[in-house]
Amino acid sequence: MLINASFAVASNKSEALKLFKADNSHIQYVGRIDFSNPQVPRIWSPGVYIKARFKGSHCEILLNDEVMGGNNHNYLEIIIDDKTPYRIQTTGKVNTINVPDGLADTEHTIIICKDTESNIGYIDFVGFRCEDLLPLSAKPTRKIEYFGDSITSGAGMDLSAIPCDKGQWYDQHNAYMSYGPRTSRNLNAQWHLTSLAGVGLVHSCCNMNVVMPQIYDKVSLRNDTISWNFKAYQPDVVTICLGQNDGKQDSTLYCTAYVNFIKAIRQHYPKADIVCLTSPMADKNLTTVLQNYLSGITAYINAKGDKKVSKYFFSRQYHNGCGGHPDITDHELIANELTAYIKQLKGW
């Protein structure tokens with residue numbers, strides 16, 4: 001659901017509110033974030049989320065937008081008290097976003113999730129204005145990371161406000177409702193989306209000059225800059241959903257690159273289960289190719305002694321969104337499939 005961002009102007013209630021800066025200890029962050037300035041953490045990746053608990057009937061979110069290219073505005077998902085999420089779009093470089101009126105004068109939790117990916121630019125989180133910020137319960141202990149392309153980023157999926165082929169190409173992005181975060185919420189786990197539209201394992205589309213093994217270790221995948229500290233987040237499960245942009249490749253080239261990518265991930269995550277996924281939007285021909293690749297790759301890795309690498313093949317093609325991507329309903333079904341597999345794999 002998209003709420004018109006016309007309310008993103010400071011109200012008179014602001015005068016009675018206190019400013020709580022982004023480095024306040026009561027604010028929780030999950031995702032790859034640049035904290036070089038802890039008072040203005042910078043966020044590129046889709047699915048990065050911020051959580052807080054505030055007191056009172058009113059809260060304002062303060063953030064800045066890169067406005068990349070002069071007209072790109074990020075979308076955000078906002079969730080109050082675990083109720084129905086709603087989506088807004090920033091309106092400029094400096095944004096004051098008012099939580100809608102009607103909240104009871106009590107305690108509330110708020111989650112802010114970046115719905116658009118690094119191709120649309122960064123956001124700088126400045127803080128909250130509210131009556132008071134309160135401590136949160138601890139984050140879930142379970143952690144999952146999802147490597148992928150536009151599917152994992154949630155591109156082309158949310159048609160609730162703007163139809164396909166209308167507006168900007170990113171108007172249908174919704175990372176919060178994509179399969180990764182849905183799977184994690186099903187399993188009471190944290191999530192990271194390490195994904196970028198158009199990226200492949202050995203071949204990227206759309207004139208991109210990088211592939212996933214080059215950028216998987218960065219905070220900003222678009223710019224291939226700022227090294228990520230893998231010790232900051234050690235996932236229990238890692239999924240790899242690539243191949244849609246590669247298409248059919250020389251099998252030796254593709255499988256060798258995939259094995260090397262798994263080895264690179266394993267160096268950072270020695271205890272994680274790594275799950276290799278087919279592309280849920282692939283047609284029958286590409287699905288067959290990917291199934292053959294992944295069967296050989298996982299068998300080879302297992303034979304070499306790494307038994308914590310497995311494969312999962314989605315049951316069918318999901319392509320009801322824009323440009324053949326899964327739509328929001330498809331993502332729910334994809335998440336249900338993946339949830340069941342991870343439950344079985346981990347005993348969760």
Side-chain angles (χ1 to χ4, degrees), residues 3 13-14 16-64 74 76-88 95-115 123-146 175-178 180-193 219 228-229 231-237 348:
I3 290 186
K13 297 178 182 179
S14 299
L17 303 179
K18 302 174 188 175
L19 172 62
F20 296 89
K21 295 182 179 180
D23 61 351
N24 189 282
S25 61
H26 292 332
I27 301 173
Q28 290 182 355
Y29 297 89
V30 181
R32 294 193 180 189
I33 303 170
D34 175 15
F35 282 108
S36 57
N37 182 350
Q39 291 197 354
V40 191
R42 181 161 291 181
I43 299 166
W44 282 273
S45 291
V48 174
Y49 58 104
I50 302 164
K51 187 174 182 180
R53 188 160 68 101
F54 66 91
K55 181 181 179 182
S57 61
H58 189 65
C59 179
E60 295 175 353
I61 304 160
L62 310 179
L63 58 86
N64 303 326
N74 280 284
L76 307 169
E77 202 82 3
I78 298 177
I79 306 93
I80 305 294
D81 297 333
D82 294 324
K83 295 181 179 178
T84 303
Y86 64 90
R87 196 166 59 121
I88 68 160
N95 299 266
T96 299
I97 300 166
N98 291 295
V99 172
D101 291 334
L103 292 179
D105 190 4
T106 182
E107 298 174 3
H108 303 277
T109 58
I110 182 169
I111 296 173
I112 306 155
C113 180
K114 190 172 187 285
D115 272 339
I123 59 170
D124 287 336
F125 181 68
V126 177
F128 293 103
R129 271 202 292 257
C130 58
E131 182 181 337
D132 198 10
L133 273 191
L134 306 170
L136 282 162
S137 56
K139 298 174 185 177
T141 57
R142 298 170 180 172
K143 301 182 182 76
I144 307 176
E145 183 166 6
Y146 305 85
Y176 184 80
M177 297 302 288
S178 64
R182 279 181 176 271
T183 298
S184 290
R185 292 195 293 274
N186 288 345
L187 296 167
N188 189 30
Q190 301 176 50
W191 68 81
H192 279 204
L193 303 185
V219 174
W228 169 243
N229 177 14
K231 293 180 181 179
Y233 185 86
Q234 286 285 306
D236 302 289
V237 180
W348 288 350

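For the single chain, residues carry numbers from 1 onward in sequence order. Just so it is clear, the values below take in all heavy atoms, side chains as well, and ignore hydrogens, waters and symmetry mates. Note that the structure is a prediction, hence the values are computed from the model and not measured.
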Looking only at heavy atoms, which two atoms of G47 and A175 are closest? And how far apart? N-CB, 3.5 Å

At what distance, to the nearest 0.5 angstrom, does CD1 of I50 lie from NZ of K114? 11.0 Å

Pairwise side-chain contact, F125 with I112, heavy-atom cut-off 4.5 Å (strictly under): yes

What donor-acceptor contacts under 3.5 angstrom involve side-chain atoms of residues 32-39, with partners at least two apart or in another chain?
residue, atom, partner, partner atom, Å
R32, NH1, Y216, O, 2.6
R32, NH1, K218, O, 2.8
R32, NH2, E145, OE2, 3.0
R32, NH2, Y216, O, 3.0
D34, OD1, S36, N, 3.0
D34, OD1, S36, OG, 2.9
D34, OD2, S36, OG, 3.3
N37, OD1, Q39, N, 3.1

Within the distance-only criterion (no hydrogens, no angle test), does the side chain of N229 pair as donor or acceptor with the backbone N or O of K231 below 3.5 angstrom? yes

Could you pull out all residues at least two apart from R53 that satisfy salt bridge (charged side-chain N to carboxylate O under 4.0 Å, His left out)? E107

Ring centre gap for Y233 and W228 strictly below 6.0 Å: no

I'd like to check L19 versus L62 (side-chain heavy atoms, cut-off strictly below 4.5 Å). Are they in contact? yes

Which atom names give the shortest non-hydrogen contact between P85 and Y176, and what distance separates them? CG-CE2, 3.7 Å

Compare every heavy atom of N74 with every heavy atom of I123, then report the nearest pair and how far apart it is. CG2-ND2, 3.6 Å

Taking all non-hydrogen atoms of both residues, which atom of Y86 and which atom of V99 are closest, and how far apart? OH-CA, 4.1 Å

How far does OG1 of T141 sit from CG of N188, to the nearest 0.5 angstrom? 7.5 Å

Return yes if some donor-acceptor pair links the side-chain N/O of K18 with the main-chain N/O of R129 below 3.5 Å, else return no. no

Give, for atom CZ of R185 and atom CG of L187, the distance between the pair rounded to the nearest 0.5 Å. 11.5 Å

Where is the tightest heavy-atom contact between E60 and T96, given as atom of each residue plus distance? OE1-CG2, 3.8 Å

Does K51 reach the main-chain N or O of V30 with its side chain, forming a donor-acceptor pair under 3.5 Å? no

Should we say atom NZ of K21 is surrounded by more than 12 heavy atoms from elsewhere, each under 6.0 Å from it? no

H192 side-chain N/O to G31 backbone N/O, donor-acceptor pair under 3.5 Å: yes

Do Y146 and S184 have side-chain N/O donor and acceptor atoms under 3.5 Å apart? yes

For side chain to side chain contact (heavy atoms under 4.5 Å, CB included), just list the numbers for D115 and R87, CA-CA rounded to whole Å, side-chain angles, deciding distance to a tenth of an Å, and then say yes or no. CA-CA 8 Å; D115 272 339; R87 196 166 59 121; 3.2 Å; yes

Close side-chain approach of H58 and N98, heavy atoms under 4.5 Å: yes

Salt-bridge present (D124, R42; N to O < 4.0 Å): yes

Counting only N and O atoms by type, is there a donor-acceptor contact under 3.5 Å from the side chain of N24 to the main-chain atoms of H26? yes

Would you say D132 and F20 make side-chain contact, with heavy atoms under 4.5 Å? yes

Using a 4.5 Å cut-off on heavy atoms from C-beta on, say whether the side chain of T84 contacts that of I79. no

Are I110 and I61 close enough, and set up right, to give a side chain to side chain contact (heavy atoms under 4.5 Å, CB included), and what steps lead you there? CA-CA 10 Å; I110 182 169; I61 304 160; 3.8 Å; yes

Under the side chain to side chain contact (heavy atoms under 4.5 Å, CB included) rule, what do E77 and M177 come out as? Steps first, then yes or no, please. CA-CA 9 Å; E77 202 82 3; M177 297 302 288; 4.1 Å; yes

Side chains of K139 and Q28 in contact at under 4.5 Å (non-hydrogen atoms): yes

Heavy-atom side-chain proximity of F128 to L17 below 4.5 angstrom: no

Partners passing salt bridge (charged side-chain N to carboxylate O under 4.0 Å, His left out) against R182 (at least two apart in sequence or in another chain): none

Note: G180 and L193 closest approach over all heavy atoms is CA-CD2, 4.4 Å

What's the spacing between Y49 OH and C113 SG if we round to 0.5 Å? 8.5 Å

In Å, rounded to the nearest 0.5 Å, how long is the span from NE2 of H108 to CG of D81? 5.5 Å

Please examine the side chains of I97 and I78, heavy atoms only from C-beta on, and report whether any two atoms are closer than 4.5 Å. yes

Step-by-step side chain to side chain contact (heavy atoms under 4.5 Å, CB included) determination, I80 to T109: CA-CA 6 Å; I80 305 294; T109 58; over 6 Å; no

Rounded to the nearest 0.5 Å, what's the gap from SG on C59 to CG on L133? Could you check? 7.5 Å

